[in-house]
Amino acid sequence: MKKIAVIGCGAAGMMAALAAANSGGSVTIFEKNEKPGKKIYITGKGRCNVTNACEVEDYFNYVKRNPRFLYSAVYDFDNRAVMDFFESNGCKLKVERGDRVFPVSDHSSDIIKTLYNAVVKAGVTVVFNANVLSVESSGGVVSALTYSVDDDPITREEFDSIIVCTGGMSYPSTGSTGDGYRFAKDAGHSIKEPLPSLVPFEVKESWCKDLQGLSLKNVGLKLFLSDKGDTKAGNGTGENGGSKKAKKPKAVYDGFGEMLFTHFGISGPLVLTASCHYEKDKLGKVFIDLKPALNEEQLDKRVLRDFEEGLNKHFKNVLGGLFPSKLIPVMIELSGIDPEKPVHEITKEERQAFVKLIKNLPMEITGTRGFNEAIITRGGVNVKEINPSTMESKLVKGLYFAGEVLDVDTETGGFNLQVAWSTGHLSGVSAAEE
């Protein structure tokens, strides 16, 4: 019977421990917190978006970095297997909009409880308040780890296999402080720079602060990236504003959904998904389509109709049917049209420019929020140095990695937790093999 250590009692760690124990291993989890699943608890706003019920083949379209690395792990333990596991262990699930899967109770604590109970039932030992200090290897083979519990002396314990499931660096208050990267580096692995992802954008425009708290549903968002200093970045219309020879810029993300204005910029599901396409060394611009159901010609007719119904009104008084009241002053200011101007004096050119503004409300990204507000971490252990068929290190035999510590990340919708379940399961089964 192999003696196996799992570092981290989160989604990947508990699934790895359970798979290893069910495959005949003698398993111990070392968790730095006082209880399991701290990050699971806050996912999905406390509801826990367990996975996504999309077709397995479609799953990889939502993986932004290194999707092919996940083929073996996901096909070995896919979203249906995850759903079957929780259902068969008494946690009923439901599928919501976008194929997002949640517990029927809407309580993430039920996911944690179900998983942890299965771990304990499988005979896994769990050591809480355990600070793992180092992972040791000898002759290219993993050998032991050192740890301390509370104020106790440092303990060194030998293991046949060690699975690192420490997470990334997002939400560090849950214990994700980058420990796994240190263990990986000590073993000779390279680390792709960890960056916040699925995270709000900070923007240059000061008017965003005036809209703080305003939520917009059913809007479009396009994200354009260009080299800093390049004046030919997209303007949201498919035109580049530069020379005729320059290629039209292409949006790196084009989505539809809900967003929120904040004191620093923009957030909400649509923005979080766009953020995983953002590159910090590029100039980023977003364009919000406030009326995505209408093309410019249809929207122009709609605006013209509103203008005709209020011919003798001032411009500021005919926009109530187009925008929330909080947005009206900002749209007037950006349009450049005098708010007191009678509607019948607004020119065709002014009206059409206003329509373009509605379809392409521009903002320049100055950066993202930090790890404290990031749902996940982009970057991590270089997957070229990990065997995708087992999750074992190619550099140190018996050392495995699973979950967010790896350089794999996805869009929102339950896809990231599926990475944890799949890689955790595969690493556990592999680590227990004799």
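Because only heavy atoms are used, hydrogens play no part in the values below, and waters and symmetry mates are left out as well, while side chains stay in. The shown structure was predicted, so the numbers you read here are calculated from the model rather than taken from an experiment.
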Any salt bridge between Arg80 and Asp84, counting N to O under 4.0 Å? no

What I want to find out is whether Asp289 reaches Lys222 closely enough, with some N-O distance under 4.0 Å, to be called a salt bridge. no

Describe, in one word, how the ring planes of [X] and [Y] are oriented to each other, choosing from parallel (under 30°), tilted (30 to 60°) and perpendicular (over 60°).
X      : Y      : value
Phe60  : Tyr75  : tilted
Phe128 : Tyr116 : tilted
His189 : Phe401 : perpendicular

Candidate pair Val252 and Glu279, rule side chain to side chain contact (heavy atoms under 4.5 Å, CB included), full reasoning: CA-CA 10 Å; Val252 297; Glu279 302 292 342; over 6 Å; no

Distance (rounded to the nearest 0.5 Å) between [X] [atom1] and [Y] [atom2]:
X      : Y      : atom1 : atom2 : value
Phe315 : Arg351 : CZ    : CZ    : 11.5 Å
Leu283 : Phe224 : CG    : CZ    : 12.0 Å
Asp409 : Tyr62  : CG    : OH    : 15.5 Å
Leu304 : Lys348 : CG    : NZ    : 10.0 Å
Glu345 : Thr347 : CD    : OG1   : 11.0 Å
Ile288 : Ile266 : CD1   : CD1   : 5.0 Å

Closer than 3.5 angstrom, by distance alone: can the side chain of [X] be matched with the main-chain N or O of [Y] as a donor-acceptor pair?
X      : Y      : value
Glu385 : Lys394 : no
Asn387 : Ser389 : yes
Trp421 : Ala81  : no
Lys313 : Val343 : no
Tyr400 : Gly428 : no
Ser275 : Leu198 : yes
Gln418 : Val74  : no
Asn52  : Gly98  : yes
Lys316 : Glu340 : no
Glu205 : Glu364 : yes

What heavy-atom pair brings [X] and [Y] nearest, and what distance separates the two atoms?
X      : Y      : value
Met391 : Ser427 : CB-CB, 3.8 Å
Cys276 : Arg378 : O-NH2, 3.3 Å
Leu417 : Cys48  : CD1-SG, 3.8 Å
Leu195 : Phe371 : C-CE2, 3.5 Å
Ala20  : Ile4   : CB-CD1, 3.9 Å
Met363 : Cys208 : SD-SG, 3.6 Å

Sequence-distant partners of Lys121, side-chain contact (heavy atoms from CB on, under 4.5 Å), two or more places apart: none

Atom pairs and distances, side-chain donor-acceptor, residues 102-112, under 3.5 Å, sequence neighbours left out:
{"unit_1": "Ser105", "atom_1": "OG", "unit_2": "His107", "atom_2": "N", "d": "3.2"}
{"unit_1": "Ser105", "atom_1": "OG", "unit_2": "Asp110", "atom_2": "OD2", "d": "2.4"}
{"unit_1": "Asp106", "atom_1": "OD1", "unit_2": "Arg47", "atom_2": "NE", "d": "3.1"}
{"unit_1": "Asp106", "atom_1": "OD1", "unit_2": "Arg47", "atom_2": "NH2", "d": "3.0"}
{"unit_1": "Asp106", "atom_1": "OD1", "unit_2": "Lys94", "atom_2": "NZ", "d": "2.9"}
{"unit_1": "Asp106", "atom_1": "OD2", "unit_2": "Lys94", "atom_2": "NZ", "d": "3.1"}
{"unit_1": "Ser108", "atom_1": "OG", "unit_2": "Tyr41", "atom_2": "O", "d": "2.7"}
{"unit_1": "Ser108", "atom_1": "OG", "unit_2": "Gly46", "atom_2": "O", "d": "3.1"}

Looking at Lys326, I'd like to know if its NZ atom is crowded, meaning that more than 12 non-hydrogen atoms belonging to other residues, nucleotides or ligands lie closer than 6.0 Å. yes

Hey, is NZ on Lys341 packed in by over 12 heavy atoms from elsewhere, all under 6.0 Å? yes

Does a side-chain heavy-atom distance below 4.5 Å link [X] with [Y]?
X      : Y      : answer
Pro388 : Phe69  : yes
Ser267 : Glu373 : no
Asp186 : Val135 : no
Pro324 : Leu214 : yes
Met83  : Val95  : yes
Asp300 : Glu296 : no
Phe183 : Leu145 : no
Val6   : Val124 : no

Take Val419 and Glu404 through the side chain to side chain contact (heavy atoms under 4.5 Å, CB included) test and state the conclusion after the steps. CA-CA 8 Å; Val419 172; Glu404 197 176 332; over 6 Å; no

Can you tell me if [X] and [Y] form a side-chain donor-acceptor pair at under 3.5 Å?
X      : Y      : answer
Asn66  : Asp407 : yes
Glu433 : Thr390 : no
Thr412 : Thr273 : yes
Ser190 : Asn382 : yes
Ser226 : Lys285 : no
Lys64  : Ser197 : no

Steps toward side chain to side chain contact (heavy atoms under 4.5 Å, CB included) verdict (Lys280, Thr368): CA-CA 8 Å; Lys280 69 171 186 173; Thr368 67; over 6 Å; no

For a side chain to side chain contact (heavy atoms under 4.5 Å, CB included) check, start with the C-alpha distance between Phe307 and Val318, then their side-chain angles and the critical distance, and finish with the verdict. CA-CA 7 Å; Phe307 281 9; Val318 295; 3.8 Å; yes

If the condition is side-chain hydrogen bond (donor to acceptor under 3.5 Å, both in side chains), which residues does Thr410 pass it with, not counting sequence neighbours? Asn416

A cation-pi test, strictly: NZ or CZ of Arg369 under 6.0 Å from the centre of the six-membered ring of Phe264 and no more than 45 degrees from its axis. Yes or no? yes

Run through Leu322, Ile332, Leu319, Leu290 and flag the one making a side-chain contact (heavy atoms from CB on, under 4.5 Å) with Leu327. Leu290

